[in-house]
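Below is one structure; the comments refer to it alone.
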Amino acid sequence: APTNMSRCGDWTTREWDAIVVGAGTAGIIVADRLSEAGLTTLLLEQGGPSYGITGGTERPAWLKDTDMSRVDVPGLYKSIFDGNTKLTCGPEVVSSTQACAIGGNSAINAGLYFQPPASDWDDYHPEGWHSSDVQPATDRLLQRQPPVTQYSTDGDYYLQSGYEAARAWLTEKAGYKQVAFDEQPDEKENVFGRPVFNYIDGQRGGPTRTYLQSALKRRNFHLQTGAAVDYIIQKGGQATGVHVTVDNQEKDIQLSASGRVISSAGALLSPKLLMYSGIGPKDVLSDLAAASRTPYTDPWSWVVNENVGQGLFDNPNTFIELSGPSIESYTYSYADPPQEDKELFLRSRSGPYTFASQTSAFWSYVNHEDGSRTGVQGTIDSSGFSGFTNNHTITLNVYGTSGMLSAGRVVLSSDGKFTAGPSSDVYYSNPRDAHDIATFIHSIFQSLPASTPDSPAEDDGLTPLNLPQSSTVDEIYEYITTPSAYAVGAVQHWSSSCRLGTCVDGDTKVLGTENVHVVDASIVSPLTVNPQFGIMVAAERGAEKILDSFGL
Ligand SMILES: Cc1cc2nc3c(=O)[nH]c(=O)nc-3n(C[C@H](O)[C@H](O)[C@H](O)COP(=O)(O)OP(=O)(O)OC[C@H]3O[C@@H](n4cnc5c(N)ncnc54)[C@H](O)[C@@H]3O)c2cc1C
């Protein structure tokens, strides 16, 4: 049921200075900053409660005497889909695993929280968004949501056998440098270290625990859940409000004369919302009109912007299963964790349940002759995956990151329902990307002592199980580009589908409109690291830009 989390009276009859669509990672930050500056701010979220503090109550029995939901426990990350209530959007909303809940994907993600290197802003973002421009936004974020490497409150690290084996491999044999990633975010070439998270005192953190809590104290702020925005009401690119369905009722919500609509619906759903609002590529608007899916059937009512939905990115990933005699795998359990681990968590927010299973991370770049480079990342998990679950196996997840040339677009399906989803050209549509990643995997495999599953590595060595250690670059290329349980996608790091400079201007305003903004994963270019930190910086910076345009 929709919840009314504010003290500001009837939200449906007021006029709002800012209507923010989507209480996700970015939307919460934007809404908090705009309301802090005095703007009357409405935050609309189609989903419902998630964390305990938002009214979430879905939890395994072992948490029953707490005020936490399953969302609050980092170690329940992989079983976030267990339980009876759903945190993810249904297939009628989006054809991808995306959260529809307070916090958006920050309520279901692993909490990996890596600051992008300055070069990501300088090399891939337009003027006004270079590293020196986003520095104040980054500083504000670091203050509100500090990164955490030491996740367990007892000061110990857990499930360390995989960390030790990976450290020996990468720092001793491959020559990688050990780095504290929270202290040296710019070091991303041949570096290895411990992951950084956005947890708070052994529990899930994120904007819901920080920014949303300050916003909810304000009388000029209202969060409405269970409220799906169907389209923005606009004429000639001037928005006057939004059309929303809440409790099966349709309502028009009004903007004040100088008001703004900010879409923070995520990289798949912001383009969808714009397209449904008559803003987007001509062929899509024409399809929607033909199917009478929106009120914008007349081409005169369209704001044609071909870059809405263009450039969609997700990290292509490959799981490499590694086994070694020194490895002790650990598999998390939703209903029945080991007694000792339950007690550690419940008593002192310590132990394996205070993190989401990633024990280490490493980065490098593949450099090209023209001076450009492709970022590559590895993240190591505490257990094997799919067909490789014996007790001495861990999973290395290799991503391609910044500088990749492959990109797709957000498509609306043609079944008349027009569910948003990614086009098939997101992954490896440019062969250079797969070649770079294959080269990288080949190079790190060269630093492992020769081994095969029949003649496995000894001591702290590691043997690749699903991709032979002796594979050539061509064989690795073939493996990583052939869809399987271990290769191609999708890590759900959708971004870049309405990029700064091409789809929105430097103030985050959609080109062709007067007062419609996008501030979420859509506007950032592919980053070297997992995206949420960069998206949160973009939200802080976007709010700053929007406030500037209000003269505040
Ligand atoms: C399983 C998983 C694990 C991940 N792990 C990590 C990680 O460890 N580290 C990391 O950096 N990144 C991770 N990511 C990615 C990261 O969480 C996302 O990139 C980020 O949260 C996206 O933020 P956003 O603000 O763009 O959108 P979201 O957080 O997705 O928020 C969008 C919100 O808008 C709402 N919404 C959409 N349309 C409408 C509408 N029409 N009306 C009303 N509400 C609407 C949605 O319900 C949602 O709540 C992970 C993602 C997933 C799915």
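Throughout, residue positions are numbered sequentially from 1 according to the sequence presented. One-based numbering, in listed order, for ligands and for the atoms of each. Note that this is a predicted model, so its numbers are computed, not measured.
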Please say whether the positively charged group of Arg194, taken as NZ for Lys or CZ for Arg, lies over the ring of Tyr157, i.e. under 6.0 angstrom from the six-membered ring centre and within 45 degrees of the axis.
yes
Within 45 degrees of the axis of the six-membered ring of Trp11 and under 6.0 Å from its centre: does Arg14 put its NZ or CZ there?
no
Just checking, any donor-acceptor pair under 3.5 angstrom between side chains of [X] and [Y]?
X	Y	value
Ser35	Thr41	no
Asn109	Gln532	yes
Gln135	Asp139	yes
Asn530	Gln377	yes

Find the distance between [atom1] ([X]) and [atom2] ([Y]) and round it off to the nearest 0.5 Å.
X	Y	atom1	atom2	answer
Leu269	Ser522	CG	OG	9.0 Å
Thr210	Ile29	OG1	CD1	6.5 Å
Ser50	Glu58	OG	CD	12.5 Å
Gln213	Thr54	CD	OG1	9.0 Å

Going by distance only, is there an N or O of Val229 that falls short of 3.5 Å from an N or O of ligand 1?
yes
Do any N/O atoms on Val21 end up under 3.5 angstrom from N/O atoms on ligand 1?
no
With heavy atoms only and a cut-off of under 4.0 Å, state how [X] meets ligand 1: side chain, backbone, both or neither.
X	answer
Ser522	neither
Ser495	neither
Ser270	neither

In terms of residue, atom name and distance, what is the protein heavy atom nearest to [atom]?
atom	result
atom 28 (P) of ligand 1	Asn105 N, 3.7 Å
atom 20 (C) of ligand 1	Thr25 OG1, 3.6 Å
atom 26 (O) of ligand 1	Ala521 N, 2.9 Å
atom 34 (O) of ligand 1	Gly22 CA, 3.2 Å
atom 1 (C) of ligand 1	Ile108 O, 3.9 Å
atom 25 (O) of ligand 1	Ala26 N, 2.9 Å
atom 8 (O) of ligand 1	Leu112 N, 3.0 Å
atom 27 (O) of ligand 1	Gly266 CA, 3.6 Å

Looking at ligand 1, does Ala227 have a heavy atom less than 4.0 Å from it?
yes
The one among [options] that brings a heavy atom closest to [atom]:
atom	options	result
atom 11 (O) of ligand 1	Met536, Lys78, Gln532	Gln532
atom 35 (C) of ligand 1	Gln358, His493, Glu45, Gln224	Glu45
atom 2 (C) of ligand 1	Val93, Asn109, Thr225, Asn198	Asn109
atom 44 (N) of ligand 1	Gln492, Gln46, Gln98	Gln46

Ligand 1 atoms in contact with Leu44 (distance to a heavy atom under 4.0 Å):
43 (C), 44 (N)
